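Working notes, structure below.
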Number of protein chains: 2
Amino acid sequence: MQDKYETKLRVRGYRMTPQREMIIAALTSSDHHITAEEIFASLHERTRALNIATVYRTLDLLVEEGLVCRTDLGGDRVYYAPLRHGPHIHLVCRHCGQVIEADYSQIAPLKKRLQEQYDFAADLKHVSFFGICETCQSTEQVEN
Amino acid sequence: MQDKYETKLRVRGYRMTPQREMIIAALTSSDHHITAEEIFASLHERTRALNIATVYRTLDLLVEEGLVCRTDLGGDRVYYAPLRHGPHIHLVCRHCGQVIEADYSQIAPLKKRLQEQYDFAADLKHVSFFGICETCQSTEQVEN
DNA sequence: CTCGCTGTTGCGAATGATTGCAATAACAAA
DNA sequence: TTTGTTATTGCAATCATTCGCAACAGCGAG
(Lines give C-alpha, C1' and ligand atoms only; values in the text may rest on other atoms or scores of the structure.)
Protein backbone atom coordinates (compact mmCIF):
# COMPACT_ATOMS: atom_id res chain seq x y z
CA MET A 1 0.00 0.00 0.00
CA GLN A 2 2.77 2.33 1.03
CA ASP A 3 4.75 1.60 -2.13
CA LYS A 4 1.68 1.95 -4.31
CA TYR A 5 1.20 5.49 -3.02
CA GLU A 6 4.82 6.45 -3.56
CA THR A 7 4.89 5.06 -7.08
CA LYS A 8 1.74 6.96 -7.97
CA LEU A 9 3.15 10.21 -6.70
CA ARG A 10 6.47 9.71 -8.48
CA VAL A 11 4.72 8.87 -11.74
CA ARG A 12 2.74 12.08 -11.46
CA GLY A 13 5.92 14.10 -11.16
CA TYR A 14 6.13 14.58 -7.41
CA ARG A 15 9.35 14.08 -5.48
CA MET A 16 9.62 11.48 -2.78
CA THR A 17 10.95 12.82 0.50
CA PRO A 18 11.50 11.24 3.91
CA GLN A 19 8.70 13.43 5.23
CA ARG A 20 6.20 12.22 2.66
CA GLU A 21 7.22 8.62 3.27
CA MET A 22 6.66 9.00 6.99
CA ILE A 23 3.28 10.61 6.54
CA ILE A 24 2.08 8.02 4.05
CA ALA A 25 3.30 5.26 6.35
CA ALA A 26 1.42 6.71 9.29
CA LEU A 27 -1.73 7.08 7.24
CA THR A 28 -1.74 3.63 5.73
CA SER A 29 -0.84 1.86 8.95
CA SER A 30 -3.73 3.44 10.79
CA ASP A 31 -7.01 1.65 10.43
CA HIS A 32 -9.36 4.50 11.35
CA HIS A 33 -9.81 8.06 10.30
CA ILE A 34 -6.94 10.10 11.69
CA THR A 35 -6.20 13.80 12.12
CA ALA A 36 -3.21 15.75 10.86
CA GLU A 37 -2.29 16.51 14.44
CA GLU A 38 -2.32 12.81 15.34
CA ILE A 39 -0.07 11.96 12.42
CA PHE A 40 2.34 14.68 13.42
CA ALA A 41 2.37 13.69 17.08
CA SER A 42 3.06 10.01 16.42
CA LEU A 43 5.92 10.82 14.05
CA HIS A 44 7.39 13.69 16.00
CA GLU A 45 7.98 11.38 18.93
CA ARG A 46 10.77 9.69 17.03
CA THR A 47 12.16 12.37 14.78
CA ARG A 48 12.28 16.11 14.75
CA ALA A 49 12.72 16.15 10.97
CA LEU A 50 9.09 16.95 10.38
CA ASN A 51 6.98 20.03 10.65
CA ILE A 52 3.24 20.26 11.14
CA ALA A 53 2.92 22.48 8.06
CA THR A 54 4.45 19.72 5.97
CA VAL A 55 1.88 17.28 7.29
CA TYR A 56 -0.95 19.55 6.22
CA ARG A 57 0.62 20.21 2.84
CA THR A 58 1.20 16.53 2.16
CA LEU A 59 -2.35 15.66 3.15
CA ASP A 60 -3.65 18.35 0.80
CA LEU A 61 -1.57 16.83 -1.95
CA LEU A 62 -2.81 13.31 -1.32
CA VAL A 63 -6.41 14.47 -1.28
CA GLU A 64 -5.89 16.45 -4.47
CA GLU A 65 -4.47 13.35 -6.14
CA GLY A 66 -7.39 11.25 -4.98
CA LEU A 67 -5.31 8.92 -2.82
CA VAL A 68 -6.72 10.00 0.51
CA CYS A 69 -10.13 11.17 1.57
CA ARG A 70 -10.68 14.21 3.75
CA THR A 71 -13.73 14.05 5.96
CA ASP A 72 -15.20 16.72 8.14
CA LEU A 73 -16.79 14.66 10.84
CA GLY A 74 -18.59 17.69 12.19
CA GLY A 75 -16.25 18.32 15.10
CA ASP A 76 -13.48 20.84 15.32
CA ARG A 77 -10.98 18.73 13.45
CA VAL A 78 -10.71 17.31 9.98
CA TYR A 79 -10.05 13.60 9.50
CA TYR A 80 -8.13 11.77 6.82
CA ALA A 81 -8.22 8.18 5.63
CA PRO A 82 -6.49 6.29 2.82
CA LEU A 83 -8.75 5.24 -0.01
CA ARG A 84 -8.33 1.49 0.09
CA HIS A 85 -11.58 0.67 -1.64
CA GLY A 86 -13.48 2.62 -4.24
CA PRO A 87 -15.79 5.59 -3.69
CA HIS A 88 -18.23 5.42 -0.83
CA ILE A 89 -20.18 7.78 1.38
CA HIS A 90 -19.91 8.43 5.10
CA LEU A 91 -22.83 8.32 7.48
CA VAL A 92 -21.68 10.15 10.59
CA CYS A 93 -23.69 9.77 13.77
CA ARG A 94 -24.08 13.11 15.53
CA HIS A 95 -24.69 11.30 18.77
CA CYS A 96 -21.95 8.71 19.13
CA GLY A 97 -19.57 9.78 16.36
CA GLN A 98 -19.65 6.41 14.66
CA VAL A 99 -18.90 6.47 10.94
CA ILE A 100 -20.73 4.03 8.69
CA GLU A 101 -19.39 3.52 5.20
CA ALA A 102 -22.30 3.25 2.80
CA ASP A 103 -22.15 2.05 -0.75
CA TYR A 104 -21.67 4.63 -3.49
CA SER A 105 -24.55 3.14 -5.42
CA GLN A 106 -26.84 4.80 -2.88
CA ILE A 107 -26.31 8.21 -4.43
CA ALA A 108 -25.84 7.37 -8.08
CA PRO A 109 -29.50 8.17 -8.81
CA LEU A 110 -29.13 11.53 -7.08
CA LYS A 111 -26.12 12.39 -9.18
CA LYS A 112 -28.05 11.60 -12.32
CA ARG A 113 -31.02 13.69 -11.23
CA LEU A 114 -28.87 16.72 -10.41
CA GLN A 115 -27.27 16.53 -13.82
CA GLU A 116 -30.62 16.25 -15.58
CA GLN A 117 -32.53 18.89 -13.68
CA TYR A 118 -29.81 21.43 -12.84
CA ASP A 119 -27.10 20.61 -15.38
CA PHE A 120 -24.82 20.24 -12.38
CA ALA A 121 -22.05 17.64 -12.40
CA ALA A 122 -21.89 16.78 -8.72
CA ASP A 123 -18.85 15.08 -7.25
CA LEU A 124 -20.43 12.79 -4.70
CA LYS A 125 -17.49 10.55 -4.00
CA HIS A 126 -16.77 10.40 -0.27
CA VAL A 127 -19.38 12.88 0.84
CA SER A 128 -20.46 12.81 4.46
CA PHE A 129 -23.98 12.90 5.78
CA PHE A 130 -24.84 13.61 9.37
CA GLY A 131 -27.64 12.01 11.27
CA ILE A 132 -28.45 9.48 13.95
CA CYS A 133 -27.42 5.84 13.75
CA GLU A 134 -29.57 2.87 14.55
CA THR A 135 -28.27 2.37 18.08
CA CYS A 136 -28.64 6.01 19.03
CA GLN A 137 -32.11 6.23 17.54
CA SER A 138 -33.40 3.72 20.07
CA THR A 139 -31.34 5.20 22.89
CA GLU A 140 -32.68 8.69 22.26
CA GLN A 141 -36.27 7.52 22.35
CA VAL A 142 -35.68 6.09 25.80
CA GLU A 143 -34.04 9.30 27.02
CA ASN A 144 -36.82 11.64 25.82
CA MET B 1 -38.29 38.98 9.02
CA GLN B 2 -36.17 40.61 11.66
CA ASP B 3 -39.07 40.63 14.14
CA LYS B 4 -39.98 37.06 13.33
CA TYR B 5 -36.51 35.97 14.35
CA GLU B 6 -36.56 37.91 17.58
CA THR B 7 -39.96 36.63 18.57
CA LYS B 8 -38.89 33.07 17.92
CA LEU B 9 -35.80 33.44 20.07
CA ARG B 10 -37.72 35.10 22.89
CA VAL B 11 -40.39 32.40 22.84
CA ARG B 12 -37.68 29.79 23.15
CA GLY B 13 -36.32 31.45 26.27
CA TYR B 14 -33.41 33.41 24.86
CA ARG B 15 -32.79 37.04 25.77
CA MET B 16 -32.84 39.77 23.21
CA THR B 17 -29.78 41.98 23.27
CA PRO B 18 -28.64 44.88 21.08
CA GLN B 19 -25.86 42.64 19.76
CA ARG B 20 -28.24 39.92 18.68
CA GLU B 21 -30.53 42.46 17.05
CA MET B 22 -27.66 43.93 15.07
CA ILE B 23 -26.46 40.54 13.91
CA ILE B 24 -29.92 39.38 12.87
CA ALA B 25 -30.47 42.67 11.03
CA ALA B 26 -27.20 42.29 9.15
CA LEU B 27 -28.03 38.71 8.24
CA THR B 28 -31.56 39.31 7.04
CA SER B 29 -30.72 42.45 5.09
CA SER B 30 -28.03 40.65 3.13
CA ASP B 31 -29.24 38.80 0.10
CA HIS B 32 -26.33 36.39 -0.34
CA HIS B 33 -24.42 34.03 1.84
CA ILE B 34 -22.28 36.03 4.23
CA THR B 35 -19.39 35.28 6.59
CA ALA B 36 -19.13 35.99 10.29
CA GLU B 37 -16.23 38.29 9.59
CA GLU B 38 -18.29 40.28 7.09
CA ILE B 39 -21.13 40.70 9.53
CA PHE B 40 -18.71 41.88 12.18
CA ALA B 41 -16.93 44.30 9.85
CA SER B 42 -20.12 45.95 8.61
CA LEU B 43 -21.43 46.44 12.14
CA HIS B 44 -18.16 47.37 13.78
CA GLU B 45 -17.88 50.37 11.48
CA ARG B 46 -20.66 52.10 13.34
CA THR B 47 -20.41 50.79 16.87
CA ARG B 48 -17.75 49.30 19.03
CA ALA B 49 -20.33 47.56 21.19
CA LEU B 50 -19.81 44.26 19.47
CA ASN B 51 -17.20 41.57 19.65
CA ILE B 52 -16.32 39.02 17.00
CA ALA B 53 -16.79 36.19 19.50
CA THR B 54 -20.37 37.33 20.01
CA VAL B 55 -20.99 37.17 16.28
CA TYR B 56 -19.80 33.59 16.17
CA ARG B 57 -21.80 32.63 19.24
CA THR B 58 -24.97 34.21 17.92
CA LEU B 59 -24.59 32.50 14.58
CA ASP B 60 -24.11 29.17 16.34
CA LEU B 61 -27.31 29.83 18.24
CA LEU B 62 -29.31 30.71 15.14
CA VAL B 63 -28.07 27.62 13.35
CA GLU B 64 -28.89 25.47 16.36
CA GLU B 65 -32.42 26.89 16.40
CA GLY B 66 -32.86 26.22 12.71
CA LEU B 67 -33.25 29.88 11.76
CA VAL B 68 -30.04 30.21 9.79
CA CYS B 69 -28.15 27.80 7.63
CA ARG B 70 -24.40 27.31 7.87
CA THR B 71 -22.70 26.33 4.65
CA ASP B 72 -19.14 25.32 4.07
CA LEU B 73 -18.62 26.47 0.53
CA GLY B 74 -15.31 24.66 0.37
CA GLY B 75 -13.09 27.66 0.91
CA ASP B 76 -11.38 28.73 4.09
CA ARG B 77 -14.44 30.42 5.53
CA VAL B 78 -17.91 29.36 6.55
CA TYR B 79 -20.95 31.12 5.15
CA TYR B 80 -24.30 31.84 6.74
CA ALA B 81 -27.70 32.63 5.25
CA PRO B 82 -31.16 33.15 6.75
CA LEU B 83 -33.64 30.39 6.04
CA ARG B 84 -36.34 32.30 4.19
CA HIS B 85 -37.79 29.28 2.44
CA GLY B 86 -37.93 25.69 3.55
CA PRO B 87 -35.17 23.09 3.39
CA HIS B 88 -33.11 22.90 0.23
CA ILE B 89 -29.72 21.70 -0.86
CA HIS B 90 -26.74 23.64 -2.16
CA LEU B 91 -24.93 22.86 -5.37
CA VAL B 92 -21.59 24.64 -5.14
CA CYS B 93 -19.53 25.07 -8.28
CA ARG B 94 -15.86 24.36 -7.59
CA HIS B 95 -14.93 26.43 -10.60
CA CYS B 96 -16.83 29.71 -10.33
CA GLY B 97 -18.13 29.51 -6.78
CA GLN B 98 -21.76 29.89 -7.82
CA VAL B 99 -24.31 28.39 -5.45
CA ILE B 100 -27.43 26.82 -6.90
CA GLU B 101 -30.30 26.10 -4.56
CA ALA B 102 -31.86 22.79 -5.48
CA ASP B 103 -35.14 21.45 -4.27
CA TYR B 104 -35.16 19.25 -1.19
CA SER B 105 -37.29 16.71 -3.00
CA GLN B 106 -34.14 15.75 -4.90
CA ILE B 107 -32.76 13.89 -1.92
CA ALA B 108 -35.89 12.60 -0.25
CA PRO B 109 -35.44 9.19 -1.93
CA LEU B 110 -31.86 9.02 -0.71
CA LYS B 111 -32.94 9.72 2.85
CA LYS B 112 -35.47 6.92 2.63
CA ARG B 113 -32.91 4.49 1.24
CA LEU B 114 -30.35 5.26 3.95
CA GLN B 115 -32.96 4.64 6.61
CA GLU B 116 -34.02 1.35 5.06
CA GLN B 117 -30.65 -0.10 4.27
CA TYR B 118 -28.47 1.29 7.07
CA ASP B 119 -31.04 2.23 9.71
CA PHE B 120 -29.49 5.68 9.58
CA ALA B 121 -31.68 8.76 10.05
CA ALA B 122 -29.81 11.25 7.88
CA ASP B 123 -30.34 14.96 8.28
CA LEU B 124 -30.13 16.14 4.69
CA LYS B 125 -31.58 19.60 5.10
CA HIS B 126 -29.24 22.22 3.64
CA VAL B 127 -26.42 19.90 2.71
CA SER B 128 -23.91 21.12 0.16
CA PHE B 129 -22.63 19.20 -2.82
CA PHE B 130 -19.61 20.25 -4.80
CA GLY B 131 -19.22 19.90 -8.52
CA ILE B 132 -19.18 21.83 -11.76
CA CYS B 133 -22.08 23.97 -12.94
CA GLU B 134 -23.50 24.06 -16.43
CA THR B 135 -21.60 27.15 -17.55
CA CYS B 136 -18.26 25.90 -16.30
CA GLN B 137 -18.80 22.46 -17.81
CA SER B 138 -18.82 23.95 -21.29
CA THR B 139 -16.01 26.39 -20.48
CA GLU B 140 -13.77 23.62 -19.18
CA GLN B 141 -14.24 21.55 -22.31
CA VAL B 142 -13.03 24.47 -24.38
CA GLU B 143 -9.99 25.00 -22.16
CA ASN B 144 -8.84 21.40 -22.18
C1' DC C 1 -39.44 50.61 40.01
C1' DT C 2 -36.15 47.68 42.15
C1' DC C 3 -33.96 43.45 42.75
C1' DG C 4 -31.81 39.21 41.71
C1' DC C 5 -31.09 35.26 38.98
C1' DT C 6 -28.69 33.65 35.28
C1' DG C 7 -28.01 34.11 30.39
C1' DT C 8 -24.86 36.92 27.62
C1' DT C 9 -20.92 39.69 26.54
C1' DG C 10 -16.06 41.24 26.08
C1' DC C 11 -11.57 40.18 26.50
C1' DG C 12 -7.56 37.68 25.85
C1' DA C 13 -5.59 33.38 25.22
C1' DA C 14 -5.61 29.07 22.77
C1' DT C 15 -6.94 26.15 18.99
C1' DG C 16 -6.51 23.99 14.30
C1' DA C 17 -5.07 25.21 9.92
C1' DT C 18 -2.76 28.10 6.24
C1' DT C 19 0.72 31.03 4.12
C1' DG C 20 5.06 33.70 2.54
C1' DC C 21 9.64 33.27 2.14
C1' DA C 22 14.33 31.86 2.39
C1' DA C 23 16.98 27.64 2.90
C1' DT C 24 17.26 22.95 1.49
C1' DA C 25 17.26 18.73 -1.06
C1' DA C 26 15.31 15.48 -4.89
C1' DC C 27 16.34 13.97 -9.12
C1' DA C 28 17.37 14.40 -14.10
C1' DA C 29 20.93 15.64 -17.15
C1' DA C 30 25.61 16.06 -18.18
C1' DT D 1 29.80 11.99 -9.60
C1' DT D 2 28.78 16.72 -10.01
C1' DT D 3 25.63 20.24 -11.13
C1' DG D 4 21.42 23.00 -11.88
C1' DT D 5 16.67 23.41 -11.70
C1' DT D 6 12.88 23.73 -9.05
C1' DA D 7 9.86 21.20 -5.90
C1' DT D 8 9.70 20.85 -1.03
C1' DT D 9 10.64 22.00 3.71
C1' DG D 10 10.98 24.61 8.17
C1' DC D 11 9.95 28.52 10.47
C1' DA D 12 7.34 32.13 12.10
C1' DA D 13 3.56 34.97 11.25
C1' DT D 14 -1.20 34.89 10.38
C1' DC D 15 -5.87 33.44 9.80
C1' DA D 16 -10.63 31.95 11.22
C1' DT D 17 -12.74 30.16 15.10
C1' DT D 18 -13.43 28.68 19.91
C1' DC D 19 -13.05 28.87 24.88
C1' DG D 20 -12.66 30.19 29.97
C1' DC D 21 -13.81 33.49 32.97
C1' DA D 22 -15.13 37.68 35.18
C1' DA D 23 -18.12 41.64 34.41
C1' DC D 24 -22.43 42.95 32.74
C1' DA D 25 -27.32 43.29 31.59
C1' DG D 26 -32.09 41.32 30.20
C1' DC D 27 -36.27 40.49 32.09
C1' DG D 28 -39.57 38.31 35.27
C1' DA D 29 -40.96 38.38 40.18
C1' DG D 30 -42.11 41.06 43.81
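Lettering of chains follows the sequences in order, A, B, ..., and the numbering in each one begins at 1. Small disclaimer: the values here were computed from a predicted structure and weren't measured.
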Original post:
Just wondering, are more than 12 heavy atoms of other shown residues or ligands nearer than 6.0 Å to CD in Glu64(B)?
Top reply: no
**OP:** Mind calculating the distance between CE (Met22(B)) and C1' (dT8(C)) to the nearest angstrom?
**Re:** 15 Å
**OP:** Nearest whole angstrom, please: distance from the P of dG7(C) to the CG of Leu9(B).
**Re:** 15 Å
Original post:
Considering only heavy atoms from C-beta outward, does the side chain of Leu9(B) approach that of Ile24(B) to under 4.5 Å?
Top reply: yes
Original post:
Whole-Å distance between dC15(D) C1' and Glu38(B) CD?
Top reply: 15 Å
**OP:** Take the protein atom CZ of Arg20(B) and the nucleotide atom P of dG10(C), then report the distance between them rounded to whole Å.
**Re:** 11 Å
**OP:** Respond yes when some side-chain nitrogen or oxygen of Thr54(B) is under 4.0 Å from OP1 or OP2 of dT9(C), and no when none is.
**Re:** no
**OP:** Just say parallel, tilted or perpendicular for the rings of His33(B) and Tyr79(B), cut-offs at 30° and 60°.
**Re:** perpendicular
Original post:
When you look at CZ of Arg46(A), are more than 12 heavy atoms from neighbouring residues, nucleotides or ligands closer to it than 6.0 Å?
Top reply: no
Original post:
Can you tell me how far C1' of dC19(D) sits from CG of Leu61(B), to the nearest Å?
Top reply: 17 Å
Original post:
Ile23(A) has an atom CD1; how far is it from atom C1' of dT9(D), in whole Å?
Top reply: 10 Å
Subject >> Arg77(A)/Glu37(A) salt bridge by N-O under 4.0 Å criterion >> reply: no
Subject >> Annotated protein contacts, base or backbone, on nucleotides 17-30 of chain C with a non-hydrogen cut-off under 4.0 Å, one of B, S, - each >> reply: BBBB----BBS---
Subject >> Salt bridge Asp123(A)-Lys125(A), side-chain N to carboxylate O under 4.0 Å >> reply: yes
